[in-house]
Peer 1: 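One structure, as structure tokens, below. Some questions next.
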Number of protein chains: 4
Amino acid sequence: MAQSDTVTRILDTAEVLFAERGFAETSLRNITSKARVNLAAVNYHFGSKKALIQAVFARYLDPFSQRFHTALDELESRYTEGVIPLEVLLETMAATVLAVPAERNSLKVFMRLLGLAYSQAQGHLRRYIQEQYGDVFTRFTELVRQATPHLPDAERFWRLHFMLGTVIFTLSGLDALRDIAAKDYHEQVTVKDLVRRLRPVVVAAMHAPLPPALEEGHYENAHIS
Amino acid sequence: MAQSDTVTRILDTAEVLFAERGFAETSLRNITSKARVNLAAVNYHFGSKKALIQAVFARYLDPFSQRFHTALDELESRYTEGVIPLEVLLETMAATVLAVPAERNSLKVFMRLLGLAYSQAQGHLRRYIQEQYGDVFTRFTELVRQATPHLPDAERFWRLHFMLGTVIFTLSGLDALRDIAAKDYHEQVTVKDLVRRLRPVVVAAMHAPLPPALEEGHYENAHIS
Amino acid sequence: MAQSDTVTRILDTAEVLFAERGFAETSLRNITSKARVNLAAVNYHFGSKKALIQAVFARYLDPFSQRFHTALDELESRYTEGVIPLEVLLETMAATVLAVPAERNSLKVFMRLLGLAYSQAQGHLRRYIQEQYGDVFTRFTELVRQATPHLPDAERFWRLHFMLGTVIFTLSGLDALRDIAAKDYHEQVTVKDLVRRLRPVVVAAMHAPLPPALEEGHYENAHIS
Amino acid sequence: MAQSDTVTRILDTAEVLFAERGFAETSLRNITSKARVNLAAVNYHFGSKKALIQAVFARYLDPFSQRFHTALDELESRYTEGVIPLEVLLETMAATVLAVPAERNSLKVFMRLLGLAYSQAQGHLRRYIQEQYGDVFTRFTELVRQATPHLPDAERFWRLHFMLGTVIFTLSGLDALRDIAAKDYHEQVTVKDLVRRLRPVVVAAMHAPLPPALEEGHYENAHIS
DNA sequence: CATGAATGAGCGTTCATTCAT
DNA sequence: AATGAATGAACGCTCATTCAT
């Protein structure tokens, strides 16, 4: 059995099981038995379970990072005179995020994995992602800054994460939500459809009016605080 | 040791550890040793680890459910003539969500738990929450429907979940994000501050223009699909 | 099953297997299956394999240390006027070493274990023994120092270890040597017999003339160096 | 890579690691990765781990056996008329033992290995050594018998092993003992120095008076038995 | 009401060895 | 002659749970 075969089968199986159950709930025995490879093969090829988890992410994030850099290069060469509009930046990011797993028909898995990366207690994973792919995100946020000069830096930071939450939460919980939606609204939702719905929401959120300044104590009287 | 003491100490310890590490990564030994109670006490008082997880949620969701029903009762008696405005509904929900853990100074823990409930592979937990607290959410969404008659039902459904994602993602990952924000913007973010920032974003998102109809194939030429 | 039962059976089985095969070559499964206790019982009662190894030693060394201190107390109260003769010290040590395992008919095992403690790569074990029982050995060597004032300190140190080697090597390899002796000399050797033979050898070794001074270069011409 | 190169590097690395940690605690992966050869090379060149262990010993014992036979030949041709004195025999053995590893600066390693051969649970190793090198030891002990006609056979057997214990125990634990000695007596001990100290001790031990006969029951009243 | 002891199942990992190339 | 890949067995250990007291 060629290396690529075993390695690929482990990765293919692992990403599905990780996405379905999370990392701690997926044992190497689950993976190897479903992939029909030897239990020791994971440690042989990846070294440890942690390294396997990172490899699963790398298989998405390496091409993503590469393509996104390329796409931003193109944008920058096209908009030499002015700033790149926010909508174009968002559109480009969406297109790149979708392009990579689209080839393997695994957008849902990728999104679930992204969601897990944030929510599960895998400190090593967040560290790994930050180290390996931090620069491309930094580059993107800098372009967003230029596209939204009216937004205070802190406000932009939080809004980007608000939207990140929207996207990851929605797409990673897609199956459950889709079931409810189908039951209540007799509607079969596709990822394409969801992205269509997300677009105006994200744009509106980024363009929302600034909140009242904190010092005014305006909210002290409300029940929210 | 009175029962209530042991039970409370288990719950107090469990919710913190669950929030910090997730459910699978927190063992009963972690909990009982930190709570300085006997290992068997969890199974004795709660029956199983699953039941403990549900009990941890119930301690938040029972009072939340109760208060929210009461708050909606008040709103309905106040707005007998017209519909309750969307902003008021959102404000009321936010106030109720914040009120419960505020008494125990554990909003962050509660939000982390909510995030975990969605992201972790605890099917029993989602089922439990749906069964126990589904009706109050149903009541809320019906009021939102009346407040946003112009929104198609499906669109409203998705936008509510978009915003749910925003809130849960942000508040459950608060610590990590707060660290980044503090490092980059020299800003110490409080929950109160975050809610202030969330308000206009959520409102804008709910009022965003409808997406173009899917049938038009408008997006087919874009890179997103 | 009472605790003492399980714990004792684990210790009894472990010391025999350790003595027969060494520490690394004896698995917890070997021990627990032979002792007919659950595999997890070792970790439950001792915490780890390392701790089990130390517990096996403690069961011998704790009473030994105690008795030896008592015996030295008696000697010191008996010899208030002069020094305790070397032969008496050696005799006392021998008697104490033999007394402890004699009660459990396991001198051979104890000696094998002592030999292993020196020869096997269990750094934690040497550290543990040094920490727990170093003081009684220090006390003994100090008395030996007073009994042999003519010996340079370094020479005494080495001769004590030469003799330690003799005793441990002989008694820990007793079975193999006994087999050879039985085959060649038709002699069934008992521990008592071996101690009888060891006595004059040890005394003669401690009283051997000093080696020529190193500076003389006397040995440079010999083939030994 | 020429075969001899790979084989030599495996042997060089293996003997060091075996001496440091013992046989069971040294994995083939340890050896091959440190020697920078392929994992399968050990099984390819030696057949098994056991065979590797034996090969490590053979590299010392083959030349030792050869030289010792030659040295004894010389002694016998020199002492045609009377017996070879005990001191000369011991001196000759010491010189031969030291000569072989001296060429590779690895006396310590050799001694550690000898100690391990006795103490570790490698039955195959003792068998191998006995089969391969038993005759030269038999020849030596026969000469010792002629040199010490006054000693009963059994007594001579045990004293030789007492001394074997002294030497192997001391030299194989050299590093640890050297550390203690250096700390307590500010003395840097060399192997040459140790042999100097061993000489009078070994001679005195071999010449020690015979123990009282066992039948007398002399020791029954002592504490030793 | 509470607990120390015990259990069976399963975990990630490492092992010496084999085999096709 | 040599090696990368793969394997089955075993390792120490932790898990949630049960049970007798």
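Letters A, B, ... are given to chains in the order of the sequence lines, protein chains preceding strands, and every chain is numbered from 1. Heavy-atom basis, side chains included; hydrogens, waters and symmetry copies ignored.
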Peer 1: Can you check the D:Phe46 CZ to F:dA2 P distance for me, whole Å?
Peer 2: 12 Å
Peer 1: Please name all residues satisfying side-chain hydrogen bond (donor to acceptor under 3.5 Å, both in side chains) with D:Ser27, sequence neighbours left out, ordered by chain then number.
Peer 2: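 Once residues adjacent in sequence are excluded, the partners of D:Ser27 under the side-chain hydrogen bond (donor to acceptor under 3.5 Å, both in side chains) criterion are D:Asn30.
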Peer 1: Please state how far atom CD1 in A:Ile31 lies from atom P in E:dG10, giving the value in whole angstrom units.
Peer 2: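 Distance, rounded to whole Å: 16 Å.
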Peer 1: For F:dA6, take OP1 and OP2 only and decide whether either is under 4.0 Å from a side-chain N or O of A:Thr6.
Peer 2: yes
Peer 1: Between D:Asn38 (CG) and E:dA16 (C1'), how many Å, whole number?
Peer 2: 14 Å
Peer 1: With sequence neighbours left out, write down each residue that passes side chain to side chain contact (heavy atoms under 4.5 Å, CB included) with C:Leu28, or none if nothing qualifies.
Peer 2: C:Ile31, C:Leu39, C:Val42, C:Asn43, C:Lys49, C:Leu52
Peer 1: Please examine the side chains of D:Gln132 and D:Leu61, heavy atoms only from C-beta on, and report whether any two atoms are closer than 4.5 Å.
Peer 2: no
Peer 1: Without decimals, in angstroms, what is the distance between D:Ile10 CD1 and E:dA16 P?
Peer 2: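 Between P of E:dA16 and CD1 of D:Ile10: 13 Å.
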Peer 1: Going by side-chain hydrogen bond (donor to acceptor under 3.5 Å, both in side chains), name the residues that satisfy it together with B:Tyr128, two or more places apart in sequence or in a different chain.
Peer 2: none
Peer 1: Just jot down the side chain to side chain contact (heavy atoms under 4.5 Å, CB included) partners of C:Ala55, sequence neighbours excluded, or say none.
Peer 2: C:Leu11, C:Phe46
Peer 1: Once Watson-Crick and G-U wobble pairs under 3.5 Å are found, how is DNA chain F written in dot-bracket notation, 5' to 3', with | for any base paired to another strand?
Peer 2: .||||||||||||||||||||
Peer 1: Can you list the residues that meet the side chain to side chain contact (heavy atoms under 4.5 Å, CB included) rule with A:Ser48, with sequence neighbours excluded?
Peer 2: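 Only A:Lys50, A:Ala51 meet the side chain to side chain contact (heavy atoms under 4.5 Å, CB included) criterion with A:Ser48.
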Peer 1: Round to a whole Å and report the spacing from NE2 of C:His45 to C1' of E:dT3.
Peer 2: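 Result: 14 Å.
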Peer 1: F:dG4 P sits how many Å from D:Arg36 CZ, rounded?
Peer 2: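 Distance, rounded to whole Å: 14 Å.
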Peer 1: I need a per-nucleotide contact map over nucleotides 15-21 of chain F, read 5' to 3'. Cutoff is protein heavy atoms under 4.0 Å; write B for the base, S for backbone only, - otherwise.
Peer 2: BBBBB--
Peer 1: Once side-chain hydrogen bond (donor to acceptor under 3.5 Å, both in side chains) is applied, do any residues pair with C:Tyr60, and if so which ones, sequence neighbours excluded?
Peer 2: C:Glu15, C:Arg104, C:Ser106
Peer 1: For residues 37-47 of chain D, which residue pairs qualify under salt bridge (Lys or Arg N to Asp or Glu O under 4.0 Å), counting only residues two or more places apart or in two chains?
Peer 2: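 Passing the test, one end in residues 37-47 of chain D: no pairs.
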